[in-house]
There are 2 protein chains.
Amino acid sequence: MRQAVTSNDIIEMVRDAGLRPTRQRLSLARLLFSGGDRHVTAEQLHSESLGQGFSVSLATVYNTLHQFTTAGLLRELVVDAGRSYFDTNISAHHHLYFEDSGILRDVAGDNVAIGELPALPEGAKISRIDIIIRVKDCAPAA
Amino acid sequence: MRQAVTSNDIIEMVRDAGLRPTRQRLSLARLLFSGGDRHVTAEQLHSESLGQGFSVSLATVYNTLHQFTTAGLLRELVVDAGRSYFDTNISAHHHLYFEDSGILRDVAGDNVAIGELPALPEGAKISRIDIIIRVKDCAPAA
DNA sequence: ATTGTTTTTAGAATCATTCTAAAATGGCTT
DNA sequence: AAGCCATTTTAGAATGATTCTAAAAACAAT
């Protein structure tokens, strides 16, 4: 597990991603990477940081999430039309999506085995395989 | 393959879905179901119908796509944040998504085997398993 | 300090989608 | 065919997530 707890870890992580360790990037990185694995939307992260008492603009949250994603620190996740989640767990794994509550949960990559794949066209490379197990939680959230 | 070619097939199909066979629903159904399998967005279907000379409002296209989806005639597909595709192939299968060109292609369901699944929480039911194989087509679309 | 580059920001702009309330249509019944 | 009521369609406004823009702030290097 790649988990950064100390301030130095965080600074290192951001710098290694080729990004200047600015106040806002560090604060966001701390929120993202110093707990367990998380699935967050931009809005969530934004209000979370406001709640913690440091203000970032929403635009910066979006910028940072994308920068972290292209740097390989995050993985973008498309489960719901019109809402992007970002996953701090970048190891091979899949997802359980509770449609009613909107909650996402990781499924260990080796819990799901993929058999033979179709032949790909010339020159194409698989960039990722997403498996989403959509679940209806029948029990009402009482 | 469930393919409706004659006008009567189309009318039947819409009526069986519990929907009135109105002019716009029939026209849209014809576009959707009388060729091979398709993956369309609302915008695509809308401009396609305008191109064919019959006008539908975009709102009606959205309404109809959703009605067909809940009736089980279509399957909604989330591959790209902020854009919904609708798939006329409702049999068990998965998808190849060409990230660069935005093209979607079906993968026969039995080409991909899923191994053991994680235990689900009490009362939860799997509604669907989506597998998306994301492909970078390295060859430029010359 | 000065300069030049990178980042952040507020607010406007965009895009897909949904909503709204009104007009049109469809399917009865007579 | 005429009238009636429920269903559909529609144009346009509203929404919500995301991106863009141009200006201000922060940063790094001289």
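Throughout, a chain's letter reflects where its sequence line sits, starting with A, and its residues are numbered from 1. Excluded from the calculations below are hydrogen atoms, water molecules and symmetry mates; all remaining heavy atoms, backbone and side chain alike, are included.
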Examine [N]: is either OP1 or OP2 under 4.0 Å from a nitrogen or oxygen in the side chain of [X]? Give yes or no.
{"X": "His66(A)", "N": "dT18(D)", "answer": "no"}
{"X": "Thr41(A)", "N": "dA17(D)", "answer": "no"}
{"X": "Tyr62(B)", "N": "dT18(C)", "answer": "no"}
{"X": "Gln24(A)", "N": "dT9(C)", "answer": "yes"}
{"X": "Arg20(B)", "N": "dG26(C)", "answer": "no"}
{"X": "Thr60(B)", "N": "dT9(D)", "answer": "no"}
{"X": "Arg25(A)", "N": "dT8(C)", "answer": "yes"}
{"X": "Thr22(A)", "N": "dT6(C)", "answer": "no"}

>> For residues Tyr97(A) and Val107(A): do they belong to one hydrophobic cluster (side chain heavy atoms under 4.5 Å, members Ile, Leu, Val, Met, Phe, Trp, Tyr)?
In response: no
>> As a test of reading the structure: which of dT17(C), dG11(C), dA16(C) is closest to the side chain of Ala42(B), going by heavy atoms?
In response: dT17(C)
> Of all the choices, dT8(C), dA16(C), dT10(D), which nucleotide is nearest to the side chain of Ser57(B) once you look at every atom?
Replying inline: dT10(D)
Give the rounded distance in Å between these two atoms: [atom1] of [X] and [atom2] of [N].
{"X": "Asn63(A)", "N": "dA17(D)", "atom1": "CG", "atom2": "C1'", "result": "15 Å"}
{"X": "Arg15(B)", "N": "dG26(C)", "atom1": "CZ", "atom2": "P", "result": "13 Å"}
{"X": "Gln44(B)", "N": "dC15(C)", "atom1": "CD", "atom2": "P", "result": "16 Å"}

Can you give the donor-acceptor pairs under 3.5 Å from side chains of residues 19-26 of chain A to other protein atoms, not counting sequence neighbours?
unit_1: Thr22(A); atom_1: OG1; unit_2: Arg25(A); atom_2: N; d: 3.3
unit_1: Arg25(A); atom_1: NE; unit_2: Arg20(A); atom_2: O; d: 3.0
unit_1: Arg25(A); atom_1: NH1; unit_2: Gln67(A); atom_2: OE1; d: 2.9

>> Using modelled atom types and a 3.5 Å cut-off, is there a donor and acceptor pairing between side-chain atoms of Thr88(A) and backbone atoms of Phe33(A)?
In response: no
> Closest heavy-atom contact between Ala42(B) and Leu58(B)?
Replying inline: O-CD1, 4.2 Å
> For His46(B) and Val56(B), which heavy atoms make the closest approach, and how far apart are they?
Replying inline: NE2-O, 2.9 Å
>> Heavy-atom nearest nucleotide on DNA chain C for Ala59(B) versus Gly82(B): which residue maps closer to 5'?
In response: Gly82(B)
> Just checking Thr64(B): base, sugar-phosphate only, or nothing, at a heavy-atom cut-off of under 4.0 Å?
Replying inline: nothing
